[in-house]
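Please read all numbers here as calculations on a predicted model, not as lab measurements. Start at 1 with the first residue, then count along the sequence. Because only heavy atoms are used, hydrogens play no part in the values below, and waters and symmetry mates are left out as well, while side chains stay in.
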Amino acid sequence: MKRHITITAAALGLAIAAASAAHADTVLRASHQFPGGQGDVRDEMVQMMARHVEEADVGLTIEVYPGQSLFKAREQWGALTRGRLDITSLPLDYASGRHPEFSATLMPGLVRNHEHAQRLNDSEYMEMIKAVILDGGARVLSDAWLSGGFASSERCILSPDTVEGQNFRAAGPAFEQMLEAAGASIASMPSSEIYTAMQTGVLDAANTSSMSFVSFRLYEQVDCLTEPGDFALWFMYEPILISEQVWQGLTEEQQAALTEAGQEAEAFFAAEAANIDRQMVEVYEENGVEVVRMSEDDYNAWLDIARETSYKNFAENVPNGQAIIDAALAVE
């Protein structure tokens with residue numbers, strides 16, 4: 001005896017919807033402040049991760065929102081840790097107001113060069129920083145340390161006396177304390193706002209990463225650039241982070257794909273790091289900006305001030321501060 005099964009249009013629609021939902025991708029939103037599609041290595045790292053997870057075919061899609069198009073630079077940490085944002089590429093010191101330990105990732109002279117930065121990634125120092133990140137509600141997918149320098153529309157920045165009287169953007173509390181002690185006036189802002197501040201006369205000088213010096217076209221506003229050279233005071237940790245809340249909601253396959261994507265992006269950045277400094281020098285020289293380097297004496301004079309200001313304040317006022325500094329200094 002044959003049985004006839006009647007399927008209503010409504011039931012069929014529900015079945016199709018259920019099948020579609022089963023195959024729908026989990027969409028993660030990635031936000032950062034840097035220009036998109038213009039060669040900024042931080043944007044390229046995030047875009048690379050998006051391509052990797054798409055190719056992994058684990059039901060995961062990353063939508064990238066560059067140039068503060070989703071969240072402003074200073075809003076990203078809070079949005080990430082509350083689960084309102086999924087992924088970000090973030091100068092970690094931007095969140096030092098919430099977690100003062102993060103100031104140790106932008107401490108004058110703590111990182112000497114790109115090779116030293118790579119060694120720090122696998123050190124007790126970084127374990128301590130990543131523990132704070134995780135406790136705060138985020139997880140590191142890729143490590144990245146960007147070197148940087150100084151630029152001014154007034155005079156070249158070399159020895160400490162050259163900043164006296166200049167209105168200066170420093171990238172975080174540690175540099176602000178050191179520069180203020182040397183006689184600079186301080187204005188705090190993300191790197192994405194430096195250009196306008198210089199254009200309108202709010203700033204005379206700034207320090208930021210080599211990549212930001214190029215991406216934000218600061219060569220149009222300055223007369224002299226101090227490149228990192230052999231004595232780089234300025235290194236900043238700018239990892240790619242994922243919300244821990246979001247991470248825990250992913251499948252094991254999706255987590256594995258993101259981990260692999262992060263490792264790929266990190267390796268790409270490590271290969272490009274030194275080239276970024278060279279690119280910056282070339283671009284600034286091509287645009288008629290004088291390029292100088294600090295001498296060892298200049299560098300040591302700055303470190304003397306930093307030890308009496310930034311290092312001392314961090315050790316005295318930040319939980320576990322002295323131990324964090326000691327762990328970093330222990331890495332040769």
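Without hydrogens or angle criteria, Ser310 side chain to Ala174 main chain gives a donor-acceptor distance under 3.5 Å. The backbone N or O of Ile325 lies less than 3.5 Å from no partner atom in the side chain of Tyr311, so there is not a single donor-acceptor pair. Remark: side-chain polar atoms of Arg169 are paired, donor with acceptor, to backbone N or O of Met189 under 3.5 angstrom. Remark: side-chain polar atoms of Arg29 are paired, donor with acceptor, to backbone N or O of Arg84 under 3.5 angstrom. Side-chain atoms of Tyr237 never come within 3.5 Å of backbone atoms of Met126 as a donor-acceptor pair (strictly under, hydrogens ignored). Listed for the Asp204 side chain is a donor-acceptor partner under 3.5 Å among the backbone atoms of Asn167. Judged by distance alone, the side chain of Thr226 and the main-chain N or O of Val292 form no donor-acceptor pair under 3.5 Å. Side chain of His32 to main chain of Phe34: a donor-acceptor pair is present (N/O by atom type, distance under 3.5 Å, no hydrogens or angles). Within the 3.5 Å criterion, the main-chain N or O of Glu193 finds no donor-acceptor partner in the side chain of Thr196. A distance-only check finds no donor-acceptor pair linking the side chain of Gln166 to the backbone of Val163 [under 3.5 Å].
Between Phe231 and Leu303, every side-chain heavy-atom pair lies at or beyond the 4.5 Å cut-off. No side-chain heavy atom of Leu80 sits under 4.5 Å from any side-chain heavy atom of Leu90. With a 4.5 Å cut-off on side-chain heavy atoms, Met48 and Glu44 do not count as touching. Tyr65 has its side chain out of reach of Ile87: every pair of non-hydrogen atoms, C-beta onward, lies at least 4.5 Å apart. Residues Glu115 and Gln118 have side chains not in contact (no heavy-atom distance under 4.5 Å, counting atoms from C-beta outward). Side-chain contact between Ser192 and Gln68: present, with at least one pair of heavy atoms (C-beta onward) separated by less than 4.5 Å. The shortest distance between side-chain heavy atoms of Asp93 and Phe175 does not fall below 4.5 Å. Between Asp135 and His99, every side-chain heavy-atom pair lies at or beyond the 4.5 Å cut-off.
When all heavy atoms of Pro160 and Trp302 are compared, the closest pair comes out as CA-CZ2, 3.3 Å. Nearest approach of Val331 to His116, heavy atoms of both residues: O-NE2, 2.9 Å. Closest non-hydrogen pair, Phe213 versus Asn207, comes out as CZ-CA, 4.4 Å. In terms of heavy atoms, Arg74 sits closest to Pro190 at NH2-N, 3.6 Å. Heavy-atom minimum distance, Pro66 versus Pro35: CB-C, 4.3 Å. Ala151 and Met198 get closest at one heavy-atom pair: O-CE, 4.0 Å.
Using bins of under 30°, 30° to 60° and over 60° for the plane-to-plane angle, the ring pair Phe168/Phe150 lands in the perpendicular bin. Using bins of under 30°, 30° to 60° and over 60° for the plane-to-plane angle, the ring pair Phe102/Trp77 lands in the perpendicular bin. The aromatic rings of Phe235 and His114 stand perpendicular to each other, their planes meeting at an angle above 60°, with 30° marking the opposite boundary.
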Quick one: side chains of residues 256-270, donor-acceptor pairs under 3.5 Å with protein atoms, not counting sequence neighbours, listed by atom name and distance.
unit_1 : atom_1 : unit_2 : atom_2 : d
Thr259 : OG1    : Gln255 : O      : 2.9
Glu264 : OE1    : His52  : ND1    : 3.2
Glu266 : OE1    : Asp143 : N      : 3.0

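In this structure, the separation between CD on Glu272 and CG on Asp277 is 11.5 Å, given to the nearest 0.5 Å. In this structure, Gln245 CD and Thr81 OG1 are separated by 9.5 Å, a value rounded to the nearest 0.5 Å. Going from atom CG of Leu92 over to atom CD1 of Ile133 covers 4.5 Å, rounded to the nearest 0.5 Å. The distance from atom OG of Ser209 to atom CZ of Phe216, rounded to the nearest 0.5 Å, is 8.0 Å. A distance of 4.5 Å separates CD in Glu238 from CG in Leu146, rounded to the nearest 0.5 Å. Atoms CE and CE, from Met107 and Met236 in turn, are 12.0 Å apart once rounded to the nearest 0.5 Å.
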*asked:* side-chain contact (heavy atoms from CB on, under 4.5 Å) for Ser212 and Arg42? Distances and angles first, verdict last.
replied: CA-CA 10 Å; Ser212 289; Arg42 294 158 296 192; 3.0 Å; yes

*For Leu218 and Thr208, what are the C-alpha separation, side-chain angles and deciding distance, and is it a side-chain contact (heavy atoms from CB on, under 4.5 Å)?*
CA-CA 10 Å; Leu218 300 183; Thr208 189; 4.1 Å; yes

_Show, in sequence, the C-alpha distance, side-chain angles and deciding distance for Gln33 and Tyr94, and conclude whether the side-chain contact (heavy atoms from CB on, under 4.5 Å) test is met._
CA-CA 12 Å; Gln33 73 189 71; Tyr94 283 10; 3.0 Å; yes

*Where do Ser215 and Gln38 land on the side chain to side chain donor-acceptor pair (under 3.5 Å) test, with the steps shown first?*
CA-CA 8 Å; Ser215 293; Gln38 298 180 33; over 6 Å; no

*Please step through side-chain contact (heavy atoms from CB on, under 4.5 Å) for the pair Glu63 and Val27, ending with a clear verdict.*
CA-CA 7 Å; Glu63 295 178 348; Val27 178; 3.4 Å; yes

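Leu134 and Val132 are not part of a single hydrophobic cluster, where members link through side-chain heavy atoms under 4.5 Å apart. Residues Met211 and Val46 share a hydrophobic cluster, clusters being chains of Ile/Leu/Val/Met/Phe/Trp/Tyr side chains in contact below 4.5 Å. Hydrophobic cluster membership is shared by Val283 and Val222, with clusters built from Ile, Leu, Val, Met, Phe, Trp and Tyr side chains linked at under 4.5 angstrom. Using a 4.5 Å cut-off between side-chain heavy atoms of Ile, Leu, Val, Met, Phe, Trp and Tyr, with links allowed through other members, Leu203 and Tyr284 fall into the same hydrophobic cluster. Under the 4.5 Å side-chain heavy-atom criterion for ILVMFWY residues, no single connected hydrophobic cluster contains both Trp234 and Val214.
Taking the charged nitrogens against the carboxylate oxygens, Glu227 and Arg293 do have a contact shorter than 4.0 Å, which makes a salt bridge.
By the 6.0 Å contact criterion, CD on Gln248 is enclosed, its count of non-hydrogen atoms from other residues, nucleotides or ligands being greater than 12. Remark: Glu220 CD is packed, more than 12 non-hydrogen atoms of other residues, nucleotides or ligands lying under 6.0 Å away. Within a 6.0 Å radius of NZ in Lys312, other residues, nucleotides and ligands contribute 12 heavy atoms or fewer. Counting heavy-atom neighbours within 6.0 Å of Glu154 CD, excluding the residue itself, gives a total above 12.
For the residue pair Ser295/Asp297, the side-chain donor-acceptor check at 3.5 Å is not satisfied.
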